[in-house]
A.B. asks: 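Before we start, here is the structure in question, set down as structure tokens.
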Amino acid sequence: MVRHFRELRVYQQALEASMHLFVLSKAWPVEERYALTDQIRRSSRSVCANIAEAWRKRRYPNHFVSKLTDADAEVAETQSWLDMALRCGYLSAEQHGKLDATYEAIASGLVGMMQHRDTWCGPARLREEPVPYSPDSAPEID
């Protein structure tokens, strides 16, 4: 059973792909810093962030699906920037192909989660003993 978003295969794939893009984009021309480089880094990172947010919103199926939809949109944006990087000669056809295939796998995983949201959503199945709380026992905050 998945207990944290970091255990999700789609999150792990998205994080690895984003970090790979970060390393590759370090070699891109300086004049692309605020255009292509910044955009592809932001969209690839946003895939991860939206998956994490979806995980935390899984108590509410519509919110869960909404955040996964946002993640899927960021996948498409990243693929668009990958196409630009290929056309500009910043990525080889092999690099582009591998990254594009990875993002297709991520999109497929996201769609699967959306289609089977009842498997992922709902009240937590794991229960903990309640922690007693009283204002007198609360730690002081400086």
Side-chain angles (χ1 to χ4, degrees), residues 1-135 137-139 141-142:
M1 179 189 321
V2 176
R3 294 183 183 180
H4 198 277
F5 68 85
R6 291 185 187 109
E7 297 174 25
L8 294 168
R9 189 175 327 126
V10 291
Y11 177 82
Q12 293 169 2
Q13 289 174 319
L15 183 60
E16 286 301 314
S18 180
M19 294 310 300
H20 187 63
L21 270 169
F22 174 74
V23 171
L24 288 174
S25 66
K26 284 182 177 184
W28 295 356
V30 175
E31 63 265 17
E32 292 288 5
R33 179 177 294 146
Y34 300 109
L36 180 61
T37 304
D38 185 54
Q39 293 296 327
I40 199 166
R41 286 178 181 178
R42 285 174 186 254
S43 65
S44 67
R45 290 171 180 172
S46 188
V47 175
C48 300
N50 280 295
I51 293 168
E53 287 184 56
W55 183 255
R56 296 295 182 160
K57 291 186 176 191
R58 69 192 186 282
R59 287 181 295 270
Y60 311 101
N62 290 338
H63 291 284
F64 177 75
V65 170
S66 176
K67 292 312 292 185
L68 291 179
T69 300
D70 291 345
D72 190 41
E74 295 295 337
V75 165
E77 181 179 343
T78 301
Q79 288 177 303
S80 174
W81 293 120
L82 286 171
D83 293 347
M84 297 283 186
L86 175 65
R87 287 287 190 91
C88 291
Y90 306 146
L91 289 176
S92 69
E94 181 182 357
Q95 290 169 323
H96 177 274
K98 286 180 181 180
L99 283 163
D100 191 61
T102 297
Y103 279 103
E104 280 297 312
I106 293 166
S108 177
L110 294 171
V111 169
M113 289 175 77
M114 287 185 268
Q115 288 176 338
H116 302 285
R117 67 182 177 192
D118 293 340
T119 304
W120 299 99
C121 295
R125 292 187 179 93
L126 296 176
R127 300 284 183 214
E128 293 181 332
E129 292 297 315
V131 177
Y133 173 79
S134 73
S137 66
I141 300 173
D142 292 331

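Position 1 is the first residue of the sequence; numbering continues from there.
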A.B. asks: E94: which residues meet the side chain to side chain contact (heavy atoms under 4.5 Å, CB included) condition with it, sequence neighbours left out?
C.D. replies: S92, K98
A.B. asks: Tell me which pairs pass side chain to side chain donor-acceptor pair (under 3.5 Å) where either residue lies in residues 101-110, with sequence neighbours left out.
C.D. replies: Q79-E104
A.B. asks: E31: which residues meet the salt bridge (charged side-chain N to carboxylate O under 4.0 Å, His left out) condition with it, sequence neighbours left out?
C.D. replies: none
A.B. asks: R42: what forms a salt bridge (charged side-chain N to carboxylate O under 4.0 Å, His left out) with it, not counting sequence neighbours?
C.D. replies: D38
A.B. asks: Is the shortest heavy-atom distance from the side chain of L21 to the side chain of W81 under 4.5 Å?
C.D. replies: no
A.B. asks: Would you find a donor on one side and an acceptor on the other, under 3.5 Å apart, between the side chain of S44 and the backbone of T78?
C.D. replies: no
A.B. asks: Residues in side chain to side chain contact (heavy atoms under 4.5 Å, CB included) with L15, at least two apart?
C.D. replies: Y11, M19, C48
A.B. asks: side-chain contact (heavy atoms from CB on, under 4.5 Å) between R33 and V30: does it pass, once the steps are laid out?
C.D. replies: CA-CA 5 Å; R33 179 177 294 146; V30 175; 3.8 Å; yes
A.B. asks: Just to verify, what does D83 make a salt bridge (charged side-chain N to carboxylate O under 4.0 Å, His left out) with, not counting sequence neighbours?
C.D. replies: none
A.B. asks: Provide the closest heavy-atom pair for A54 versus F64 in the form atom of the first, atom of the second, distance.
C.D. replies: O-CD1, 3.1 Å
A.B. asks: Any chance you could measure L24, atom CG, to L99, atom CG, to the nearest 0.5 Å?
C.D. replies: 6.5 Å
A.B. asks: Near M84 CE, under 6.0 Å, is it more than 12 heavy atoms from other residues, nucleotides or ligands?
C.D. replies: no
A.B. asks: Can you tell me how far apart OG (S25) and NE2 (H20) are? Round to the nearest 0.5 Å.
C.D. replies: 10.5 Å
A.B. asks: Among all residues two or more places apart in sequence or in another chain, which pass the ring-ring contact (aromatic ring centres under 6.0 Å, His included) test with W28?
C.D. replies: Y90
A.B. asks: With H63, which residues qualify under ring-ring contact (aromatic ring centres under 6.0 Å, His included), at least two apart?
C.D. replies: Y60
A.B. asks: Quick one: side chain to side chain contact (heavy atoms under 4.5 Å, CB included) partners of Q12, sequence neighbours excluded?
C.D. replies: none
A.B. asks: Measure the CH2-CE distance between W120 and M114 for me, rounded to the nearest 0.5 Å.
C.D. replies: 12.5 Å
A.B. asks: Which pair of heavy atoms, one from L91 and one from Q95, lies closest together, and at what distance?
C.D. replies: CA-OE1, 3.4 Å
A.B. asks: Can you name the side chain to side chain contact (heavy atoms under 4.5 Å, CB included) partners of E16, sequence neighbours left out?
C.D. replies: none
A.B. asks: Check ring-ring contact (aromatic ring centres under 6.0 Å, His included) between F22 and all other residues, then give those that pass, not counting sequence neighbours.
C.D. replies: none
A.B. asks: In Å and rounded to the nearest 0.5 Å, what is the CG to CG distance from L8 to L110?
C.D. replies: 9.5 Å
A.B. asks: Return the minimal non-hydrogen interatomic distance between E7 and M1, and the atom names on each side.
C.D. replies: OE1-O, 3.7 Å
A.B. asks: Which value, rounded to the nearest 0.5 Å, describes the distance between R45 atom CZ and I40 atom CD1?
C.D. replies: 11.5 Å
A.B. asks: Tell me which donor-acceptor pairs under 3.5 Å the side chains of residues 66-74 have, and how far apart each pair is, sequence neighbours excluded?
C.D. replies:
residue : atom : partner : partner atom : Å
K67     : NZ   : N50     : OD1          : 3.1
K67     : NZ   : E53     : OE1          : 3.3
T69     : OG1  : V65     : O            : 2.8

A.B. asks: Distance check, rounded to the nearest 0.5 Å: T119 atom OG1 versus M113 atom CE?
C.D. replies: 10.0 Å
